[in-house]
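Order of the sequence lines fixes the chain letters, A, B, ..., with proteins taken first and strands second; residue numbering starts at 1 for each chain.
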Amino acid sequence: MQFSPSAEQTELVEKARAFTKEYIGPNSMKYDRSGEFPREICREAFKQGFMNPHIPAAYGGSPHTVLDHCMVLEEMATGCSGIATAIDANGLSQYPVILAGSDDQKRRFLAPMTEELMFSAYAVTEPEAGSDVSRVKTSATKMGNDYVLNGIKWWITNGSVASWYFVLARVDDKPTAFVVPADSPGIIRGPKEINLGQHASNTVRVTFEDVKVEERNRLGDEGDGFQIAMKTFDHTRPGVAAGANGITKAALNIALSYAKRRRTFDKKLISNQGISFKLAEIMTGLDAARYLTYRAAWLFDQGEDNAREAAEAKWFAADVAMKAAIECSQVLGGYGFTTEMPAEKLIRDAKIYQIYEGATEIQKMIIVGKLMRMKEVH
Amino acid sequence: MFADLRRITAKIAERFKRRFYGRTFNCPVCHFELAVVDAGSNRLLVCPVCGVVIDIEEVYGHAVPVVLEVELYRPQPKARIHPLATHVPIGLYPFAVLGAVLLAAGSLARPFLPAVEPLLARAPMIADATLVLLVLSVGLSILTFASGLWDWNRRYRRRSYRQIRLKIAFSILFLVLGGLAIALHASGAAFSPASGLIDLGSPASIVLAIVELALLSAGMAVIATLGHVGGTLVFGK
Ligand SMILES: Cc1cc2nc3c(=O)[nH]c(=O)nc-3n(C[C@H](O)[C@H](O)[C@H](O)COP(=O)(O)OP(=O)(O)OC[C@H]3O[C@@H](n4cnc5c(N)ncnc54)[C@H](O)[C@@H]3O)c2cc1C
Ligand SMILES: [Zn+2]
C-alpha cells in the first residue's frame, strides 16, 4: 500500500493549484452573482490542458488517469465548484463515447474537442425520471436509416453550450444511447435554471421535437443504452466526490484562516476548543473522503470494478462537504451568513453533491446491492 | 446597439480597474470594494468608507477579510470644501465640451446647410464662452485637488488606497489635459477667433481642432471617473 503521490502527481496538483488561485478562486463570487457561463476561464483551462482529460491519445487527447484527474478536480473545486463543474462536465458525456463508441464516432465527436474549446452534455434525466433512469420516456423511432427522437431532457449540465448531446432514448422498449449534434433541427434549449448553488454551471432543459439522428450516431446496439449510461458513473463518480472534497477543503481553509485571526473574549477564535474541534473534524472528514475517492479512482485505473467504492466515495464526500460548509459558516458567525464572504456560497454549492450523478440514497442502494451478494465483509 | 456599447465600455472599465487595483474584495461591513494591495505588510487595512479595521488574507484565491476593530473617531472634512468644490468643475466642464462640439458641428454643416448661416453668427460668442467655462472648470479643479489632498491627509491619514491614488493621478491628468485644451483654444489655432469656427481650408486648423476635441473628450472621461470614484468614497458601493 502506498499513500504518497508521485513526483508527476505533485507537479500536476501544484499546476492545478496555481491555476485555481489565479483564475478560479478570485472569480468565484463574480460568476456566482452573475450566473454567467465561465467561458473565458474554460478557455484558459483548455490552453493549460485541464479540459477533456479523458480523451485517449489516439484521438488527440493527453489523458490523465482517473486518480490524477480527481486530484486536479479537488484543487479546482476548492476555488469554485461551479466553475470546476463547467470545466469538467464534458467528461460525463465523453465517457459513454469512449466506452461504447466506434472509431468513427470517436473521431467525429471526441477528436474535435481536443482542437478547440467545445462542450458536450449528458442528457439522461427527464422530468419524470431522475434516480430511476429506467423510466425515461424519450422515444427514438426508426425511420429508414434514421431515428426520430421526441422527449424532454431535464437539468442538463452544459445544455446551453454543448455542441452535442449524449442522449438516452427508447427504441420500442429498448433503452438506446445516441450522440446528437446540438445543431440538429428540432432541438430546443430552455433557459438557464436558477439553482440554489453552482451558479457558474449551466443547467437547462433540452427538448427534442422530431429530431432526426443518423443511425451512425447510435452508440452500441439498440438496448445497450442503460448499461452505457450507468457504466459511465463508475468513471465519473470519483470525480464528483473529488469536487465535493474541494468544497470541504475550501471550507476548512476559510474557517482556519478566519479562526486564527478573529478575536472574541480577548483571545483568538481558534483558541476555543468549541471552534478548533470543528476544524479537526473537518480535516478528518476531508482525509477520510479523499482516501475513499482516491481508492475508487485507483480501482478504476486498475481496470477493476469500483461501483461500490465509487458510491461510497460519492455519498460520503458529499455529506462531509455539506457539513464542512455549514461548520465553516458557523466559525465565521454572522459573516458566515453574508454574501460578501465566501462561506455561504459553499453551503449552497455543496448541496448539489448529495443530489446529482445519483443522489445519496441511490449510492447507498448500490452499496447495499453489493452487500447483498456478500456472505461476509472482509 | 446601446446595450452593446454599454457592455463594451463596462468591459474596458473593468479591465482598467483590474490593472490599477489588482485583486479586490468587498468590505464585509459596507461592501466598498477594496484592493488587497492596500493592506500593508501586516495585512491590515482601514475601510475608508465605514472605518472598520480589516485583516485580509487570501486562501485559494478567496479573500477572507476579518474585522478586528472599528476606527471610531475619524475627522470630518473641514468645512466640506472638497465635496462642494468638486461639483464646480464637474458641473461646468461638460458645457465647455458641448461648446466645442457645437462649434465643430457648425463648421462641418456650414458648406452643406446654408440655413445654419444665421446661427453661425453667434459662433464667436460660443467660442468665448467655451474658453471661459474651460478656464473656470480647470482653474477651480486646482482648489478641488488641493482640498482633496487635505482631506486625504486629515480624514484618511495619508493611508494608501487605490481609489485615492487613482484620484490623484487622474486629477493631475485632468489638469494637464485641461491646460492644453485651454492653451489650444485660446491660441485660436483650432477655432478661429474671428469666426469661432474651424477653417476647413487649412489642414493645420482641422488637425488642431481634432486635437482639441480629443483633449476635451479625454478630459470628460477623466473627470467622470474622478467623480464616480469620489462618490464611492463618500457613499460606499
Ligand atoms: C444542478 C443539476 C445538474 C444536473 N445535471 C444533470 C446532467 O447533466 N445530466 C443528467 O442526465 N441529469 C442531470 N441532473 C439530474 C440529476 O441527476 C437528478 O436530479 C438526480 O439523479 C435525482 O433525480 P430526481 O431529481 O428525479 O429525484 P427523484 O428520483 O425523484 O428522487 C427524489 C429523492 O428521493 C430519493 N429516492 C429516490 N428513489 C429512492 C429509493 N428507492 N429509496 C430511497 N430514496 C429514494 C432520491 O435520492 C432523492 O433524494 C442534474 C440535476 C441538477 C439539480
Ligand atoms: Zn467598509
Side-chain angles (χ1 to χ4, degrees), chain A residues 16-30 32-34 36 40-41 74-81 83-84 246-264 268-270 328 331-346, chain B residues 3-4 6-8 10-47 49-71 162 232 236-237:
Chain A
R17 189 172 300 150
F19 176 80
T20 302
K21 289 184 178 181
E22 174 76 20
Y23 296 99
I24 304 183
N27 288 310
S28 60
M29 278 201 187
K30 177 180 142 195
D32 181 57
R33 285 188 182 143
S34 70
E36 192 192 331
E40 289 316 308
I41 300 181
E74 179 186 312
E75 291 302 316
M76 292 197 188
T78 308
C80 171
S81 64
I83 296 175
I247 291 193
T248 306
K249 191 151 84 183
L252 180 58
N253 274 306
I254 290 164
L256 180 65
S257 159
Y258 194 85
K260 280 192 205 160
R261 295 178 290 139
R262 175 79 170 179
R263 297 183 77 86
T264 57
K268 298 211 162 122
L269 264 189
I270 200 161
C328 170
V331 171
L332 269 61
Y335 291 106
F337 195 67
T338 69
T339 54
E340 217 61 277
M341 298 286 273
E344 60 83 34
K345 173 178 180 293
L346 297 178
Chain B
D4 281 349
R6 268 186 73 148
R7 233 198 15 248
I8 293 166
K11 221 171 197 170
I12 294 172
E14 181 68 23
R15 280 251 162 101
F16 175 77
K17 198 159 101 182
R18 289 289 145 252
R19 269 271 165 89
F20 202 88
Y21 286 32
R23 292 264 177 83
T24 59
F25 68 101
N26 289 354
C27 166
V29 176
C30 71
H31 318 295
F32 184 64
E33 191 173 6
L34 292 157
V36 175
V37 287
D38 284 337
S41 50
N42 58 1
R43 297 190 315 230
L44 293 182
L45 179 62
V46 181
C47 174
V49 176
C50 71
V52 296
V53 182
I54 296 168
D55 177 334
I56 176 74
E57 186 172 80
E58 279 192 318
V59 286
Y60 269 87
H62 300 288
V64 186
V66 173
V67 176
L68 299 180
E69 265 293 348
V70 178
E71 200 173 76
R162 287 301 108 164
T232 62
K237 194 178 183 179

Salt bridge flag under 4.0 Å for residues [X] and [Y]:
X	Y	answer
A:Glu75	A:Lys249	yes
B:Glu33	B:Lys17	yes
A:Arg261	B:Glu69	no

Just so I know, are the side chains of [X] and [Y] near enough to count as touching, which here means a heavy-atom distance under 4.5 Å?
X	Y	result
A:Ile254	A:Leu332	yes
A:Thr339	A:Glu344	yes
A:Met341	B:Pro65	yes
A:Arg17	B:Tyr60	yes

**Item:** Options B:Leu68, B:Thr24, B:Val59, B:Val29, ranked by heavy-atom pairs under 4.5 Å with chain A, top entry
**Value:** B:Val59
**Any residue of residues 18-28 of chain A which, by heavy atoms, sits under 4.5 Å from chain B** = A:Thr20, A:Lys21, A:Glu22, A:Gly25, A:Pro26, A:Ser28
**Toward chain B, the part of A:Tyr258 with a non-hydrogen atom under 4.5 Å** = both
**Message:** Using a 6.0 Å cut-off, check whether atom CZ of A:Phe337 has over 12 heavy atoms from anything other than its own residue.
**Reply:** no
**Prompt:** Considering only heavy atoms, which portion of B:Val64 lies under 4.5 Å from any heavy atom of chain A: side chain, backbone, both, or neither?
**Reply:** both
**Interchain contact, B:Ile56 with chain A, by part (heavy-atom threshold 4.5 Å)** = backbone
**Asked** With respect to chain B, which residue among A:Thr78, A:Asn253, A:Thr338 yields the maximal number of heavy-atom pairs within a distance under 4.5 Å?
**Response** A:Thr78
